[in-house]
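A quick write-up on the structure given underneath.
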Amino acid sequence: MEARSNLGPKPRLGYTDSRIDRAADRRPDAAAIAALAADHRARAYVMGGETIVLKKASPLNEALFSIAEARALGPMLETIFLGLIDGAARFGIGLPPQTAEALKARDDLLITDLRSIAVQSLTDPDHLPPIAEAKAVLHWHARHRFCAHCGAPTQVVDAGWRRDCPSCHAQHFPRTDPVAIMLAIDGERCLLGRSPRFAPTMWSCLAGFIEPGESIEDAVRRETLEETGIACGRVKYFASQPWPFPSSLMIGCHAEAVTRDIVVDHAELEDARWFSKDEVTAMLLRRHPDGLTTPPPLAIAHHIVRAWVKDEIGFD
Ligand SMILES: [Zn+2]
């Protein structure tokens, strides 16, 4: 049996606690944004589609490029003003995905996906929130070049934070898709599931998109019932995490299970079952006798499970 008090220091949740001041009031002022971009302290994160461009360095690769360095990498698509850090501007610059792909030929650059960067700690974790910010907005631009109302090509305004339609004058804003991610609890047991997409040993919280006209609590209950046949009563919000694959907001909750018999929806899940606190503790510590694991510490599922194991959750 593992000692639950020995889980170690609380790990940092990935993509959160950004050091950047988004300075949204600057976005409409194109001259001010241009001046910030011309300042020698300005830096940019560069990416193309799912691919992030890093400068190789030791021990950590460098995620920031000067504006001149970024421009030299290839033709640029949108540039997003991410905000200010100690008065210096940070931008997100999008390259055509094929341009980013072609940069793999360069020895001085590391071209890889954001999941690998986060899981393998390939750069300073402080870069993860602004990279997530840039990636989500750039992805939105790539798929919203035409007005959803009238079909006309739209124009980028507000330093990358809006697209306007010159034909019907509709304004379009970057979207965030809310996802409920939850741990159903039955006393000293919790409910974990496995997607067929997971690594063979990984078990995690259930999750699903919140639908229009639905509360977070109702989405938690509906998704848990649909995927596992388990009905839940009380739902307690825990924490949230931006999840830029491509533009989700994970809303973490604990839910009180009121039934116990699992019926797995195999269209959604490979399997689901109840786990004891001792078993989950071993999974968090990567000491499970069968090699079973929870998701890594950068993912909110790890934190949702960890908080329950540490008895930090109560329904009142
Ligand atoms: Zn329009």
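Indexing begins at 1, ligand by ligand and atom by atom, following the structure's order.
Partners of A63 according to the side-chain contact (heavy atoms from CB on, under 4.5 Å) rule, which considers only residues two or more places apart in sequence or in another chain, are Y45, L54, T123, H127, I131. For D265, the salt bridge (Lys or Arg N to Asp or Glu O under 4.0 Å) criterion is met by no residue, not counting sequence neighbours.
Without hydrogens or angle criteria, S248 side chain to M250 main chain gives no donor-acceptor distance under 3.5 Å.
Inside a sphere of radius 2.8 Å centred on the Zn ion (ligand 1), the protein N/O/S atoms present are C147 SG, C150 SG, C165 SG, C168 SG.
Looking at F65 and V53, their side chains come closer than 4.5 Å, going by heavy atoms from C-beta outward.
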Using the side-chain contact (heavy atoms from CB on, under 4.5 Å) rule, take E279 and W203 through it: C-alpha gap first, then chi angles, then the decisive distance, then the call. CA-CA 12 Å; E279 188 169 17; W203 292 73; over 6 Å; no
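Residue pairs meeting the salt bridge (charged side-chain N to carboxylate O under 4.0 Å, His left out) criterion with at least one partner in residues 137-149, sequence neighbours excluded, are E78-R145.
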